[in-house]
Every structure is written in structure tokens, then in C-alpha cells.
**Q** 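Handing you a structure now.
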Amino acid sequence: MSKKVRVRFAPSPTGGLHVGGVRTVLYNYLFAKKLGGQFIVRVEDTDQSRYVPGAEEYIFDCLRWCGLEPDESVQHGGPYGPYRQSERKTLYREYAAQLVAAGHAYYAFDTTAELEQMREKFRSTENPSPQYDHHLRLKMRNSLTLPAEEINKLLAAKTPHVIRIMMPVGKTVSFQDMIRGEVCFDTSLVDDKVLLKADGMPTYHLAVVVDDYLMKITHAFRGEEWLPSAPVHLLLWQYLFGWEEMPQWAHFPLLLGPSGKLSKRDGAKYGFPVFAMNWQDPKTGETTEGFREKGFLPSAFINLLALLGWNDGSEKEIFSKGELIASFDMARVHSSGAKFDYEKAKWFNHEWIKRTSASELLPLVSNTFGKANLQVTNVALLEQVITLVKDRCTLLTDFIEQGSFFFKRPTQIDTGSILPKWSVEKSTFFDQLIHYYQQTNSWTAAALEKICKELAQTHQLKTGELLLPLRIMLVGGKFGPGVFDIACLLGKDETLERLAQAKRLILQGV
RNA sequence: GGCCCGUUCGUCUAAGGGCUAGGACACCACCCUUUCACGGUGGUGAUACGGGUUCGAAUCCCGUACGGGCUACCA
């Protein structure tokens, strides 16, 4: 019997949650759910200088919207808390001390200025970013170069210092990535990463290993940008807990924008959302649009994200969350990056709107209308409208153009599209149409169409030339579903009033 | 610069040694529809390059090119 699967998503609460992050959550979630495991969210807030108020709450709101609820987290509790690294601060120092004692790490007293000096001094064309590595550590102020008494004195005086890992020279470390297979590194080429910062907080490198161990994480998944620091984590696992305890790793391919790793800037530049939900930066007040506010359905959002780097081997593209859980397989996740395509993203949403029932869409559309200052009281009518127009809505916001006129008379009538082809014959026709519609007792789309077409024939007019004006008279412009469906749903009184009103406007314009 | 990862239509991808390299988005044309969509039919369009291995390579190996990531007391 193997260990119970436990995976984690470890976001840093520094701003909006972008699609790459959501996909990482999604793959974690799918993997855990498929295997009956647990999905944990751990907040990595070890950098106090980057703390952004509200960001943590926002991340959980995004997960809730996506339907990717954690089993354990700051908000959900659990037996392995606290789930916020800042609250686990005291725990990390002893592990760091343990490493120093074993000779795998050392104290470094170099100030920021000294580090900068070092980089300045060794920077060259061949080496544009000098590393604090096995060459340079002997030239710096640390517990490897300083005499013992001075080290003790500095420590006793509480001199600010960090603890760095001492990377071995000339060793090869390797591991099996679930997606990429074996990946090897030469330890001589990796620098002595800081493990514990001067403020006592751990860096990501120490924290991720310690917490994954303490939280009994069995599978550690993250973006490909972490691959270069994997040797540090591998060594820490070996030194601290032994390789038998180490989770299995998988590094997900990156989500790319038009030029490299997808960024917030790409969204602004090319006009598509990058964050899951609207994010307002509390410092600048700047708001970045999210998929939710843009009009995406959560089902479509996770569907499109899942397919960016994974597929089930068949030609199936539309997957519900349940289907994703059932078919997800880490072995079928790609190793190459995927460029985000907003057109395809919209296609997914359109497909989901078409497939989602009107009753399920109802609260979402109602909410969308509300944001456009349109309060709907007739819920039954709204549901009928949704049924009628959802096939032509790509985003939830499209329901406004396609359906708001059912609840609000058009304030503008596009008479410009009617007048050039207006005629006395048409004028008479519409007068009579209004008359016949007044008389009829069967107010159905089919009946209204029949009346209209027969009357057109009597007047020797082409139906095609009448339908457009009729539409515009009812809705204000060239949009919406079938014109007789509109009239039918609008009801007799409202239809007749709109026709009469529009007729007056047209006559004014002639 | 160094290290790591990658490379099939413009984009997402299928094909894990063997048929004309399949699908989807987008695009184009036609049909349906006398708004716009939906739907239907068809079309344009790809194995980066060079070497191997093999009867046979998109697929395995090497090199080159190109792309991306990392190179902070950020994650």
C-alpha cells in the first residue's frame, strides 16, 4: 500500500493569480482527485517586503470561483498547519542550524553592498552574472573564511547574517521528473543559495523542502522556471530527510505569451485577460481585468487551461471537471511550453455556454445584467431569453447585446439602416402589420411569421426587405435572435408599442 | 556568458519505427439562414536543419540552429 497522495500549491500572495498559476493548481487538483488524495494550499509569504494586503484572500476567491477547493489551507484548516509560512518562521532556523552543524551550510556575513561590490568586480562579458559559488565563497566574509573566534563574536553580537548552502564540487545530482524523465546537474555550477535570510525568514529553497516534508507531500509539482534550482532542493532533501522521503517531482511547461513567459503586461498589450479574476493593486489602484469579469464560465476556464499542455490522446476537447479528473494523466503532460491563444479560449467559452442549461446560466447572466445596470425582475422571461440567445454568445457579456432589449426598450433606433430603403409601400405595410397583429389571438412566433409573410405577398413586397426594418423597430439595431421569436417573447402589448413608437421615429426621419 | 528545458500547420495538439502526417481554433469558399450567429460541406496550411542507426524515422542517437527558463537575503 503506497502513501496517501498529497499535493500542494504554494502561491506567494504578491498580486493577481494568473493563468499559469491556475493551471498549476488545476494539474495538482486533478492529480490528487484522480488518486483520491489531498490538495493543500500553502501560502509562501516569506518575503515581507513583497507583502500585498488582500492578495491571499484574493487567491482563495479565485480558487473558489474555479471550483478548485483545497482540502487543507489557511482557510480550510487541517492537521499540518499553520499553512502560512510566516507563521512557521521559528521552525526553519533549526533545520538551517542542523545543516551548518553537519557542514552542509555556513554563515555568511556579507552585506548587500559587499555582495554588489563582488558582482561588480567579477562581472565580465564572459560572466555577466557572477555567482556566490565554490570559487567565490572563499573570497567572501563567511564562516568558511573567518577565524572561529571572530565568527563567534559576530554571532554573539547578533550581526546580521544569512545561512547559505555549501554546494559540493564536482558531484552530479539527478532525479526523475515525471514529465521530463531524468534531469542531471553538475553541483559545481550551482551557487550557494541563501537558505535563511538575515531577518530569520527562510528563502523558498529551505521552506519548500522543510514544509513539503512536514506536510507529508508525496508529489511536488511546479512550473518549469524552478527546474534550475532543483539541485539545491535535492541536496536539502538528502541532507535533512533522506531521499526516500522526497516527493516525486514534475515541472510543468510554461504558459507563453506572444513573447516568452506569459505576463500581466501581455494581457494589457494584446487585450486579453491574464488573471483569473479582476485584481486591483492596493498601492497603485490599477485594476487588471480577469477572466471572470470578462465573461468566462469557470467550467470553460479550467477546460481550456487543462488542454494547454495536456490532452487525453483522443480528439476530445470539451471536458467537464469530472471528466478531467477521470482522464488526467501526468504522463501525458507535455514537456514543451504552450502559447496562450485567446481566440481558442473564447471558443471554449462559447462551447460551454452552448452546453450549459439556461437555468444554470440564469444567475450568471442575471449578475452580468446587474453589472450593466439592468435589473431583471422577470426571471422566467430571462430564462426563456437565455435559451433563445445562448448559441450566439461567446462571452457572458454578449448576453447584454443579445438579450437586454427584452427588458428595456431601445433608447436608440438605428433608423439610418432603415430610411435609405424606406418607401410609402413599406409604410403602409407596417401600418397594416400593426393592425393585423392587434387582431390576432395566437401570439406565437410561427403565427406572427405567417401573418407577416402573407401580408408581404399581398403588398408585393419581398420579405427580406421587411425583416430588417421590423427587427430594428423592435430591438433598435441589427442584432438578436430570430425576429418573430423576439416579438413572441416581447408579448403583444410591448411589440405593438415598440412598432408604433418606431414607426413615428421613422416618419420623422423621412 | 554559464546552466537547464524544449522544437509537428499561424496557435493548441494526434501519430510512442511502418499506409495520402489526423483533429481543433483562426482564416478562406460554399450551403443553410432573406440581421448576426449556430449548424453543414470543402479548402489553404506543419514534422527547424545536417548527419547517423534501420529494410523503413515526425518518432531512436549525435551535432547545429532557433525558442524559452534560471542565473536576488523574490517566489
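Computed from heavy atoms alone, side chains included, the values below leave out hydrogens, waters and symmetry copies. Protein chains get the first letters and strands the later ones, always in sequence-line order, with residue 1 at the start of each.
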**Q** Only counting residues at least two apart or in another chain, list the ones meeting side chain to side chain contact (heavy atoms under 4.5 Å, CB included) with Thr14(A).
**A**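 Ser12(A), Arg50(A).
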**Q** For residues 330-337 of chain A, which side-chain donor-acceptor pairs fall under 3.5 Å, sequence neighbours excluded?
**A**
residue: Arg332(A); atom: NE; partner: Asn311(A); partner atom: O; Å: 2.9
residue: Arg332(A); atom: NH2; partner: Asn311(A); partner atom: OD1; Å: 3.1

**Q** Pull out every protein N or O sitting under 3.5 Å from an N or O of nucleotides 43-47 of chain B, one pair per line with the distance.
**A**
none

**Q** Only pairs with both distances under 3.5 Å count, Watson-Crick or wobble alike; so what is the partner of U53(B) in this structure?
**A**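 No nucleotide pairs with U53(B).
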**Q** What residues form a ring pair (Phe, Tyr, Trp, His ring centres under 6.0 Å) with Tyr204(A), not counting sequence neighbours?
**A**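 Counting only residues at least two positions away or on another chain, Tyr204(A) forms a ring pair (Phe, Tyr, Trp, His ring centres under 6.0 Å) with Trp226(A), His233(A).
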**Q** Does Gln457(A) have any side chain to side chain contact (heavy atoms under 4.5 Å, CB included) partners at least two apart in sequence or in another chain, and if so, which?
**A** none
**Q** Among residues at least two apart in sequence or on other chains, which ones pass side chain to side chain contact (heavy atoms under 4.5 Å, CB included) with Thr387(A)?
**A**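 Expected list: Ala358(A).
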**Q** Please encode protein proximity along nucleotides 22-42 of chain B as a string of B, S and -, counting only heavy-atom distances under 4.0 Å.
**A** SSBS--------BBBBSS---
**Q** Using the test salt bridge (charged side-chain N to carboxylate O under 4.0 Å, His left out), find all partners of Arg164(A) that sit at least two apart in sequence or belong to another chain.
**A** none
**Q** Taking only residues two or more places apart in sequence, or in another chain, which ones meet Asp341(A) in a side chain to side chain contact (heavy atoms under 4.5 Å, CB included)?
**A** Glu343(A), Lys344(A)
**Q** Hey, can you pull the residues of residues 162-170 of chain A with a non-hydrogen atom under 4.0 angstrom from RNA chain B?
**A**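 Heavy-atom contacts with RNA chain B come from Val162(A), Arg164(A).
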**Q** Looking at C66(B), which nucleotide sits across from it as a Watson-Crick or G-U wobble partner, both distances under 3.5 angstrom, or is there none?
**A**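 Partner of C66(B): G6(B).
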**Q** Going by heavy atoms closer than 4.0 Å, what residues in residues 221-232 of chain A are next to RNA chain B?
**A** Glu224(A), Glu225(A), Trp226(A), Leu227(A), Pro228(A)
**Q** Considering only distance and modelled atom types, tabulate donor-acceptor pairs under 3.5 Å from the side chains of residues 16-23 of chain A, sequence neighbours left out.
**A**
residue: His18(A); atom: ND1; partner: Gly20(A); partner atom: N; Å: 3.2
residue: Arg23(A); atom: NH1; partner: Leu308(A); partner atom: O; Å: 2.6
residue: Arg23(A); atom: NH2; partner: Pro253(A); partner atom: O; Å: 2.3

